[in-house]
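Note on naming: letters A, B, ... go to the chains in the order of the sequence lines (proteins, then strands), and numbering restarts at 1 for each one.
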Protein chains: 2
Amino acid sequence: MQIKNSKKRKEVIIGPALAVDTLIFTIREGALSVLLIQISTGPYGGKWALPGGIVPINETLDEAAKKVLAKKAGIAGVHMEQLYSFSALNRDVRGRTVSVAYFALVDSDKFTPKTISYYADIKWQDVFALPTMAFDHKEIVNYGVARLRAKIEYSNIVYGLLPKEFTLTEMQSVYEAIIGHAIDKRNFRKKILSLDILVETNKERTGSKSRPAKLYRFKKRQLVFTN
Amino acid sequence: MQIKNSKKRKEVIIGPALAVDTLIFTIREGALSVLLIQISTGPYGGKWALPGGIVPINETLDEAAKKVLAKKAGIAGVHMEQLYSFSALNRDVRGRTVSVAYFALVDSDKFTPKTISYYADIKWQDVFALPTMAFDHKEIVNYGVARLRAKIEYSNIVYGLLPKEFTLTEMQSVYEAIIGHAIDKRNFRKKILSLDILVETNKERTGSKSRPAKLYRFKKRQLVFTN
DNA sequence: GCAAAAGTGTTGAGTGTACACCCATGC
DNA sequence: GCATGGGTGTACACTCAACACTTTTGC
């Protein structure tokens with residue numbers, strides 16, 4: 001594209017940088033948690049943040065987010081969706097950056113965070129006890145928690161937080177961790193079973209010192225809306 | 001920010017351009033409609049598109065979208081919210097652009113689209129009869145319609161499509177235009193009145209050749225969730 | 001036999017849905 | 001007095017919320 005006059009030249013002024021940040025949720029020790037990395041150097045050195053990265057010119061936002069998951073957290077093949085785009089002028093003191101936030105759901109038993117060279121540390125963090133965070137990342141986490149809370153009410157999205165096979169009590173614990181309060185066991189079971197999103201396996205979870213529990217699977221391990 | 005080594009230099013590679021596109025909904029002749037502009041020149045000359053613009057380095061996305069509304073459609077002071085970010089690699093053949101879509105709701109009686117010099121034309125278009133559109137704008141419109149449909153079920157968002165005072169039948173027509181089918185009058189009134197989002201004025205809409213209808217106002221002309 | 005968690009039903013309140021007629025006005 | 005749209009109530013089905021005891025296992 002040739003630039004021929006000053007009017008058109010305006011259009012090639014460099015705009016904000018474009019980044020993706022990823023909110024990776026899991027349930028860990030009964031608490032809804034997110035994966036945080038600790039920044040090594042620069043103005044945010046020592047602060048905690050969400051894994052993120054610049055969007056390359058030849059990748060879509062989804063692709064860029066997927067690569068962040070893979071490279072910075074070693075996570076692949078999980079449910080991921082776009083959350084919201086954040087653009088406050090001062091959100092990154094190093095330069096004007098617009099960030100598209102994504103969220104992903106993982107089964108923490110399957111993924112162990114590993115520190116990568118250029119981060120000081122990496123860890124799962126209870127979303128209700130966030131440390132001081134860089135950028136507007138606390139706001140992003142809270143926005144993501146709200147979305148997740150809404151979405152468990154009308155979809156099977158929690159499949160992303162559960163292993164292939166699980167008991168109804170385990171599933172209920174996931175719901176309770178997300179909404180932050182206890183649920184009636186009988187009502188929960190009645191409701192979930194009526195949604196027709198689970199199938200009974202004929203296995204049981206044994207090895208506890210109490211009665212074995214039936215194991216269930218999701219009919220579809222992909223997003224299904226339930227009303 | 002000084003660039004000191006080749007590793008850092010990578011970070012200043014120019015990424016995708018960042019734009020906002022605005023989906024401006026109204027109800028016009030009983031049909032849910034969007035404001036489209038016709039592109040004058042270039043590879044998309046003659047095609048219809050949503051009003052949009054590049055995001056300047058010193059504006060947030062919300063600000064940039066608000067300015068697009070003001071400058072390209074002459075609309076201000078209406079409900080507006082972020083919809084989604086679109087980033088397919090080939091969405092604009094002129095160059096890699098990521099677009100953050102916004103949607104706004106207006107009362108078509110208050111805004112008359114005016115053609116601006118650099119567009120060939122501008123018009124309200126029924127969302128169920130879209131012309132061939134530039135970029136991925138048809139997808140954006142459909143995404144926006146879906147969001148709007150969902151949102152009228154759990155919020156007072158339709159205030160944006162209605163004048164200050166209106167009859168329940170007018171309000172019902174707005175709902176019907178959005179969901180695309182008729183609703184039972186008695187059930188609609190019972191439901192809406194039970195939500196406690198309207199107040200009765202003591203005026204009536206006269207001048208028709210039938211019985212005058214009571215006029216109502218929204219308690220709050222800002223987004224309120226109703227369940 | 002006891003501790004621990006799994007599993008199971010009923011009732012009442014509230015909400016959603018289907019459905020038909022009278023009322024106030026203009027002409 | 002008739003055409004037009006405004007305005008109203010009831011019955012049934014369904015969903016949601018509250019609530020306590022029995023079953024199966026390990027030790």
Side-chain angles (χ1 to χ4, degrees), chain A residues 27 29-30 149-156 162-163 165-217 225-227, chain B residues 27 29-30 149-156 158 162-163 165-217 224-227:
Chain A
I27 306 287
E29 297 166 13
R149 277 189 183 158
K151 213 146 185 174
I152 61 170
E153 301 298 340
Y154 61 87
S155 77
N156 68 346
L162 284 161
E165 302 183 333
F166 50 87
T167 68
L168 290 181
T169 299
E170 286 161 3
M171 186 174 179
Q172 181 175 344
S173 302
V174 170
Y175 270 80
E176 290 174 337
I178 293 170
I179 64 181
H181 63 81
I183 310 172
D184 179 85
K185 181 161 58 156
R186 280 169 293 188
N187 292 339
F188 178 80
R189 286 166 182 245
K190 220 181 315 165
K191 174 68 179 170
I192 291 295
L193 293 174
S194 78
L195 295 178
D196 198 35
I197 55 175
L198 299 185
V199 282
E200 220 175 298
T201 68
N202 40 23
K203 305 181 203 164
E204 292 182 328
R205 169 131 316 154
T206 54
S208 87
K209 50 189 171 175
S210 76
R211 176 172 173 176
K214 281 186 198 164
L215 287 169
Y216 291 80
R217 274 186 297 111
F225 297 102
T226 53
N227 33 351
Chain B
I27 305 288
E29 297 166 13
R149 277 190 182 156
K151 212 144 185 175
I152 61 171
E153 301 297 340
Y154 62 87
S155 77
N156 67 346
V158 295
L162 285 162
E165 301 183 333
F166 50 88
T167 68
L168 290 181
T169 300
E170 287 162 2
M171 186 175 179
Q172 183 176 341
S173 301
V174 169
Y175 270 80
E176 290 174 338
I178 293 169
I179 64 181
H181 63 81
I183 310 172
D184 179 85
K185 183 162 54 157
R186 280 169 293 191
N187 293 338
F188 178 78
R189 287 166 182 244
K190 217 182 317 167
K191 174 68 180 170
I192 291 295
L193 293 174
S194 78
L195 294 178
D196 197 35
I197 55 175
L198 299 185
V199 282
E200 221 175 297
T201 68
N202 40 23
K203 304 181 204 166
E204 291 184 328
R205 164 113 36 214
T206 55
S208 87
K209 51 189 171 176
S210 78
R211 174 173 176 177
K214 280 185 199 164
L215 287 170
Y216 290 81
R217 275 186 296 111
V224 173
F225 297 102
T226 53
N227 34 351

Query raised in the report: Taking OP1 and OP2 of dG7(C), is either one under 4.0 Å from a side-chain nitrogen or oxygen of Lys214(A)?
Result: no

Query raised in the report: Quick one: Arg205(A) CZ to dG7(C) P, roughly how many Å, whole number?
Result: 11 Å

Query - Interatomic distance where CG belongs to Leu195(B) and P belongs to dT15(C) [whole Å] - result: 11 Å

Query raised in the report: So which heavy atom on Tyr175(B) is nearest to which on Ser155(B), and how close?
Result: OH-O, 4.0 Å

**Report entry** Heavy-atom closest pair, residues Gly30(B) and Ala177(B)
**Finding:** O-CB, 3.4 Å

Report task. Scan residues 166-181 of chain A against DNA chain C and write down, sorted by residue number, each residue with any heavy atom closer than 4.0 Å; if none is found, say none. Result -> Thr169(A)

Report task. Encode nucleotides 17-27 of chain C as B, S and - characters from 5' to 3', where the letter depends on protein heavy atoms closer than 4.0 Å: B to the base, S only to sugar-phosphate, - to neither. Result -> BBBB--BBBS-

Query raised in the report: In whole angstroms, how far is the P atom of dA6(C) from the CG atom of Leu193(A)?
Result: 14 Å

Query raised in the report: Can you name the side-chain contact (heavy atoms from CB on, under 4.5 Å) partners of Thr226(A), sequence neighbours left out?
Result: Leu195(A), Ile197(A)

Query raised in the report: By side-chain contact (heavy atoms from CB on, under 4.5 Å), which residues pair with Arg211(A), not counting sequence neighbours?
Result: none

Query - Length of the line joining Phe188(B):CZ and dG7(D):C1', which is rounded to integer Å - result: 14 Å

**Report entry** Qualifying salt bridge (charged side-chain N to carboxylate O under 4.0 Å, His left out) pairs, either residue in residues 187-208 of chain A, two or more places apart
**Finding:** Glu165(A)-Lys203(A), Glu170(A)-Arg205(A), Asp196(A)-Lys219(A), Glu200(A)-Lys214(A)

Query raised in the report: Cut-off 3.5 Å, side chains only: do Ser208(A) and Ser210(A) have a donor facing an acceptor?
Result: yes

Report task. Mind checking side-chain contact (heavy atoms from CB on, under 4.5 Å) for Arg149(B) and listing every partner two or more places apart, or none if nothing turns up? Result -> Phe128(B), Val145(B), Ile178(B)

Report summary line: Tightest non-hydrogen contact, residues Ile179(A) and Glu153(A), listed as CG2-OE2, 4.1 Å

Query raised in the report: What integer distance in Å separates Arg189(A):CZ from dA5(C):P?
Result: 13 Å

Query raised in the report: Lys191(A) NZ to dA18(D) P: how many Å, rounded?
Result: 15 Å

Query raised in the report: In whole angstrom, what separates Tyr154(B)'s OH from dT15(C)'s C1'?
Result: 20 Å

**Report entry** Euclidean distance, atom CD1 of residue Ile192(B) to atom P of dG7(D) [Å, nearest integer]
**Finding:** 15 Å

**Report entry** Nearest atoms (heavy-atom pairs only) where Leu168(B) meets Phe188(B)
**Finding:** O-CE2, 3.8 Å

